[in-house]
Amino acid sequence: MADSRVSGQQSAERRFAPVIERRLLGIDELSQYIGIRPQTIRNRLCCGTFPIPAKKVCGRVKFDRRDVESYFDKLKPNGGIGS
């Protein structure tokens, strides 16, 4: 009986565990986050025209979430459609 209570507590802890937001994003995650196709990001990285700096971590291309936010914070507002 004690075993079922312990396992019930563990499953409750897993259900209510805080979601940890990762600081580094891969190309696919960045693509979903900013709404650009992954291949577009790869193409612009190869050409050196992607505006957000990339980092290599264990041989993989990663983007710091703070760099992404900083880039978008620096963009000028569009002013809406028809402005």
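Both backbone and side-chain heavy atoms feed into the values below; hydrogens, waters and symmetry mates do not.
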Under 4.5 Å between side-chain heavy atoms, hopping through other hydrophobics if needed: is there a path connecting Y33 to L45? yes
Partners of R44 by side chain to side chain donor-acceptor pair (under 3.5 Å), sequence neighbours excluded? T49
How many angstroms lie between CD1 in I27 and CD in Q32, if you round to the nearest 0.5 Å? 13.0 Å
Identify, with sequence neighbours excluded, every residue that meets side chain to side chain donor-acceptor pair (under 3.5 Å) alongside Q39. N43
Just verifying a value: how many Å separate S31 OG and L25 CG, rounded to the nearest 0.5 Å? 11.0 Å
Are D28 and R37 close enough for a salt bridge, meaning some N to O gap below 4.0 Å? no
For residues 50-62, which side-chain N or O atoms pair as donor and acceptor with protein atoms under 3.5 Å away, sequence neighbours left out?
{"from": "K55", "atom 1": "NZ", "to": "D67", "atom 2": "OD2", "distance (Å)": "3.1"}

Return the CD1 to CG distance between I41 and L30, rounded to the nearest 0.5 Å. 4.0 Å
